[in-house]
Protein chains: 2
Amino acid sequence: MDTISESTAAGPVTDHDDDPGDAYCETCQCRDVLDLVGSKWSVLVIGRLQERTHRFGELKRAVPGITQKMLTQTLRRLEHDGLVRREVLGHMRPPRVEYSLTDLGVTITEPLEAIRVWSEQYLPQVRAARRDFEAAERALG
Amino acid sequence: MDTISESTAAGPVTDHDDDPGDAYCETCQCRDVLDLVGSKWSVLVIGRLQERTHRFGELKRAVPGITQKMLTQTLRRLEHDGLVRREVLGHMRPPRVEYSLTDLGVTITEPLEAIRVWSEQYLPQVRAARRDFEAAERALG
DNA sequence: CTGAATCCACCTCGATACTG
DNA sequence: CAGTATCGAGGTGGATTCAG
């Protein structure tokens with residue numbers, strides 16, 4: 001089961017111990033959150049659940065390109081971190097499982113929205129900077 | 001030179017072509033930005049440059065645990081994306097290089113601040129959710 | 001001082017096949 | 001329908017060494 005070794009990646013960096021008292025660790029908390037929503041599919045899944053509750057298959061169709069494995073893994077992680085609630089409805093065949101945002105999960109959509117707004121406003125500048133940088137690279141050889 | 005293969009990771013996902021007209025790709029832009037600031041050291045470096053201009057060695061000391069390779073790589077990427085400006089002062093020995101945020105780089109500190117605020121407010125709940133989840137896991141075996 | 005180059009362990013993600 | 005198991009490619013980050 002490789003999902004465990006993959007999901008335990010949220011641990012400390014290595015064995016170098018940092019003093020937990022300086023300004024570095026304040027920012028480090030920010031990094032913890034970025035690991036939450038920074039993984040490839042997290043924001044996409046959260047975005048869908050922000051609209052409404054979804055069943056597993058609905059989510060899979062609503063997030064084009066995601067595999068079952070990655071959807072399962074992403075949902076497990078979000079559930080593990082308290083952002084998503086998983087509900088099994090009855091034990092019928094076929095089974096029915098619904099996913100929705102928790103109260104905590106809803107709160108994170110605000111900073112995510114800030115990122116989305118920034119993207120719309122400034123991503124063109126970023127792309128332009130990339131072109132310039134690469135052009136300058138080629139000019140130098 | 002492995003820095004190139006590492007830094008070119010910002011490209012498109014894979015070869016499955018998505019219709020660029022649906023809601024999926026709006027969120028996809030958000031992912032692009034998360035790749036920018038979501039890498040391990042980006043927010044830490046940006047945080048330092050937010051305070052003031054730093055020389056390379058100053059940054060290295062100001063971000064405990066970072067290696068020269070990762071600092072160079074992070075700065076190159078931020079410069080490549082137009083968030084950081086690199087200035088070589090003269091050609092003396094030893095060389096002197098200064099890094100600072102561009103105007104574009106300054107703008108991104110706002111959504112980053114939103115994340116930081118969320119972290120301070122809600123990270124305890126996330127950690128609690130993790131403990132509960134893992135406790136429930138052990139209870140089931 | 002400011003890097004570049006190399007080697008390597010680990011993690012992430014995708015593809016595929018299988019199960020209740 | 002909603003997963004789990006396994007394999008493999010590729011990217012990320014760390015340690016160390018070398019160079020202008």
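Residue numbers begin at 1 in each chain, while the letters A, B, ... track the order of the sequences.
- Distances were taken from every side-chain heavy atom of A:Thr67 (C-beta onward) to each of C:dA15, C:dT2, D:dG14; the shortest belongs to C:dA15.
- Closest to the A:Trp41 side chain, of the nucleotides C:dT12, C:dC13, C:dC1, is C:dC13.
- The distance from atom CG of B:Leu89 to atom P of C:dG3 is 11 Å, rounded to the nearest whole Å.
- Where A:Val97 and B:Ser39 each meet DNA chain D at their nearest nucleotide, the meeting point lying more 5' is that of A:Val97.
- Here D:dG20 is the nucleotide among D:dC1, D:dG13, D:dG20 with the atom lying nearest to any side-chain atom of B:Pro95.
- In terms of modelled atom types and a separation under 3.5 Å, the side chain of A:Thr74 and the main chain of A:Trp41 share no donor-acceptor contact.
- Side-chain N/O atoms of B:Arg93 include none lying less than 4.0 angstrom from OP1 or OP2 on C:dT2.
- One distance of note links OG of B:Ser119 with CD of B:Glu113; it measures 10.0 Å at 0.5 Å rounding.
- For C:dT2, the OP1/OP2 oxygens have no side-chain nitrogen or oxygen of B:Arg86 closer than 4.0 Å.
- Between A:Tyr99 and D:dC1, a side-chain N or O to OP1/OP2 separation shorter than 4.0 Å is absent.
- From B:Met70, atom CE reaches atom CG of B:Leu75 across 10.5 Å, with rounding to the nearest 0.5 Å.
- Rounding to whole angstrom units, CG of residue A:Leu59 and C1' of D:dG3 are separated by 14 Å.
- The side chain of B:Lys69 places no N or O atom within less than 4.0 Å of a non-bridging phosphate oxygen (OP1 or OP2) of D:dT17.
- For the residue pair B:Glu137 / A:His80, no side-chain donor-acceptor distance below 3.5 Å is found, with atom types taken as modelled.
- One can place CD of B:Glu87 at 20 Å from P of C:dC1, the figure rounded to the nearest angstrom.
- Considering only side-chain atoms of A:Arg61, the nucleotide from C:dG14, D:dG3, D:dC1 that sits closest is D:dC1.
- The side chain of A:Arg76 sits closest to D:dT4 out of C:dC13, C:dG3, D:dT4.
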